[in-house]
S.K.: 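What follows is a single structure, and I will ask about it in a moment.
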Amino acid sequence: MEQHVAPRRDGGVDLVKALAICAVLLIHCGTDHYTLHPIGSPPWLAADFYGGVTRWAVPAFLMCSGALMNAPDRDLPLRKLFSRYLLRLLAALAVWSALYELLGIAAAWGAAPLAQQAAQAAKNLFYGRSFYHLYYFYFAFSLYLALPLTRLIARWGGEAEVRYLLGLWLLFGGVFPFLQYFWPLREMKGSLLYYVLPEAFLCPGLGLLGWYMRAHPPKSWRPGALLFAAGFAVTFLGTWVRSVHYGVSDRLFLTGFGPFVLLMAAGVFRLCQWAVAHWNRPPRPVQFLSAASFCVYLVHPFFQSLTVRTPLAALPPWWGIPLHAAVLLALSLAAYLVLRRIPVVNRWLI
């Protein structure tokens, strides 16, 4: 008979998820400020600071999922993977995509005939052109579909083999796509090296990396701090320098899976592991924010659309961006407290 045992919470993973969802809100609240202020001005630098220091959020979420799902002692037959985890992702993507299409129709009410808007919404749903932040689902699909492979690697791979495969994943999924914009790869169109692998290929590798770091806890805070500091310095300064050079806000170093962003994500993961090494259990606020993180991710654009034309969005960026993010967090957590009490919603949609 199968025994169902509640898994012990991982304080490090909870802390990473709690920080990552706050980072997502800061990213989204600061995005518009890149175009509202002159490049290199103090307000623009504030947007660059918040955009750079938080860009690690999405890869960190994938590391957290992989850290838990790739654990060799976790029972995960294919039937359970598809009927529980992948089906839940698919249901949530379908429902939230439909809801945001309805929100778009309501926001554009009167701008075009309703039948025309409804037809466009139906096309968007059919072709998978979902609302901007729902792209995360596709990365999650990639990670989950590859779990049978990555779990085999985690269970049976030797130390050297795992490190080698992680290196290949990061090289072809993170480094090469970034380097294609620099010499000599940018001159190699048509050569074998130019055909780099897409970002979705990297997601299972990030999941395996999360498991690897969880299985090998850090002995000090210094490596994590060094990884984060190095990644942030290059991301912040690289965005600044390239933007000044080209005369427009350049986002190359802000790419979600760029190599320096991945350094930050690994650094945050390591720092969180080190910070919680002596916890008996994660503090309740951290547990709560971790549990609510997926719901907050899904609902916060709705509240952001309500606040985008309020004075919040026009405040000086140095303190206006975090204040705006804090308001969105409070509203999204309030929504979570309501939605988690709805039986079908709390199981399938958040």
Side-chain angles (χ1 to χ4, degrees), residues 19-60 104 107-108 111 131-136 174-175 177-183 185-186 199 227-265 267-268 296-297 300-332:
L19 293 175
I21 193 57
C22 295
V24 167
L25 299 180
L26 286 167
I27 291 171
H28 290 170
C29 289
T31 298
D32 289 342
H33 289 274
Y34 278 100
T35 56
L36 292 176
H37 309 285
I39 294 171
S41 66
W44 187 93
L45 290 174
D48 190 24
F49 172 82
Y50 287 118
V53 81
T54 56
R55 196 59 54 169
W56 51 270
V58 167
F131 199 67
Y132 76 95
H133 75 307
L134 299 180
Y135 74 90
Y136 178 80
V175 176
F178 178 81
L179 291 180
Q180 68 176 311
Y181 297 101
F182 297 92
W183 185 90
L185 260 62
R186 70 183 178 193
E199 289 179 335
L227 287 173
F228 182 83
F232 168 66
V234 176
T235 301
F236 174 74
L237 295 174
T239 302
W240 185 2
V241 170
R242 285 179 63 89
S243 297
V244 170
H245 177 74
Y246 291 110
V248 294
S249 291
D250 184 87
R251 304 298 180 92
L252 176 61
F253 282 87
L254 297 175
T255 303
F257 290 153
F260 301 103
V261 170
L262 296 181
L263 285 183
M264 284 193 286
V268 169
V296 173
Y297 186 89
H300 80 271
F302 169 72
F303 296 111
Q304 188 170 10
S305 70
L306 299 180
T307 60
V308 70
R309 292 182 177 85
T310 67
L312 270 175
L315 294 173
W318 281 113
W319 57 276
I321 291 175
L323 179 60
H324 194 181
V327 171
L328 294 186
L329 179 61
L331 293 171
S332 300

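No hydrogens, no waters, no symmetry mates; every other heavy atom, side chains included, goes into these values.
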S.K.: For residues 230-244, which residue pairs pass the salt bridge (Lys or Arg N to Asp or Glu O under 4.0 Å) check, not counting sequence neighbours?
M.R.: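 Listed by first then second residue: R242-D250.
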S.K.: Tell me every residue that passes salt bridge (Lys or Arg N to Asp or Glu O under 4.0 Å) with R251, counting only those two or more places apart in sequence or in another chain.
M.R.: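 Counting only residues at least two positions away or on another chain, R251 forms no salt bridge (Lys or Arg N to Asp or Glu O under 4.0 Å).
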S.K.: Write down the atom of H28, the atom of H300, and the distance for their closest heavy-atom approach.
M.R.: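 Heavy atoms of H28 and H300 come nearest at ND1-NE2, 2.7 Å.
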S.K.: What are the two closest non-hydrogen atoms of L262 and P59, and how far apart are they?
M.R.: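 Taking every non-hydrogen atom into account, CD2-CB, 3.8 Å.
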S.K.: Write down the atom of W56, the atom of V261, and the distance for their closest heavy-atom approach.
M.R.: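 Heavy atoms only, the tightest pair is CA-CG1, 3.8 Å.
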S.K.: Apply side-chain contact (heavy atoms from CB on, under 4.5 Å) to residues L254 and Y34 and explain how you reach the verdict.
M.R.: CA-CA 12 Å; L254 297 175; Y34 278 100; 3.4 Å; yes
S.K.: Please determine whether ring pair (Phe, Tyr, Trp, His ring centres under 6.0 Å) holds for the pair F257 and F178, giving the CA-CA distance in whole Å, both sets of side-chain angles, and the decisive distance to 0.1 Å.
M.R.: CA-CA 9 Å; F257 290 153; F178 178 81; over 10 Å; no
S.K.: Heavy atoms only: give me the nearest L328-C29 pair and the separation to one decimal.
M.R.: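 Nearest heavy atoms, L328 then C29: CD1-SG, 3.5 Å.
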S.K.: Could you pull out the closest heavy-atom pair between A20 and A57, with the gap in Å?
M.R.: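 The pair with the smallest heavy-atom distance is O-CB, 3.5 Å.
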S.K.: Would you check, one step at a time, whether the test side-chain contact (heavy atoms from CB on, under 4.5 Å) holds for L315 with L312?
M.R.: CA-CA 6 Å; L315 294 173; L312 270 175; 4.0 Å; yes
S.K.: Side-chain atoms of residues 36-43: list all donor-acceptor pairs with protein atoms under 3.5 Å, sequence neighbours left out, distances to 0.1 Å.
M.R.:
from, atom 1, to, atom 2, distance (Å)
H37, NE2, H33, ND1, 3.2
S41, OG, P38, O, 2.6
S41, OG, W44, N, 3.4

S.K.: List the residues meeting side-chain contact (heavy atoms from CB on, under 4.5 Å) with Y181, not counting sequence neighbours, and say none if there are none.
M.R.: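 Listed in chain order: L252.
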S.K.: Using side-chain contact (heavy atoms from CB on, under 4.5 Å) as the criterion, list what pairs up with P322, not counting sequence neighbours.
M.R.: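 P322 satisfies side-chain contact (heavy atoms from CB on, under 4.5 Å) with L26, Y50 only.
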S.K.: Mind jotting down which residue pairs meet the side-chain hydrogen bond (donor to acceptor under 3.5 Å, both in side chains) criterion with at least one end in residues 316-325? Sequence neighbours excluded, please.
M.R.: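 Listed by first then second residue: T307-H324.
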S.K.: Among pairs that include at least one residue of residues 26-37, which meet salt bridge (Lys or Arg N to Asp or Glu O under 4.0 Å), considering only residues two or more places apart or in two chains?
M.R.: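 Applying salt bridge (Lys or Arg N to Asp or Glu O under 4.0 Å) to every pair that reaches into residues 26-37, excluding sequence neighbours, yields nothing.
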S.K.: Which residue pairs pass the salt bridge (Lys or Arg N to Asp or Glu O under 4.0 Å) test when at least one of the two sits in residues 301-319, sequence neighbours left out?
M.R.: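 Sorted pair list comes back empty.
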S.K.: Who pairs with V296 by side-chain contact (heavy atoms from CB on, under 4.5 Å), at least two apart in sequence or on another chain?
M.R.: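 side-chain contact (heavy atoms from CB on, under 4.5 Å) list for V296, sorted by chain: I21, L25, A292, L329, S332, L333.
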S.K.: Can you sort out the partners of L263 under side-chain contact (heavy atoms from CB on, under 4.5 Å), two or more places apart, ordered by chain and number?
M.R.: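 L263 satisfies side-chain contact (heavy atoms from CB on, under 4.5 Å) with L227, F260 only.
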S.K.: Would you mind writing out the side-chain donor-acceptor pairs for residues 229-240 within the sub-3.5 Å range, not counting sequence neighbours?
M.R.:
from, atom 1, to, atom 2, distance (Å)
T235, OG1, G231, O, 2.7
T239, OG1, T235, O, 2.7

S.K.: Among all residues two or more places apart in sequence or in another chain, which pass the side chain to side chain donor-acceptor pair (under 3.5 Å) test with S305?
M.R.: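 Expected list: none.
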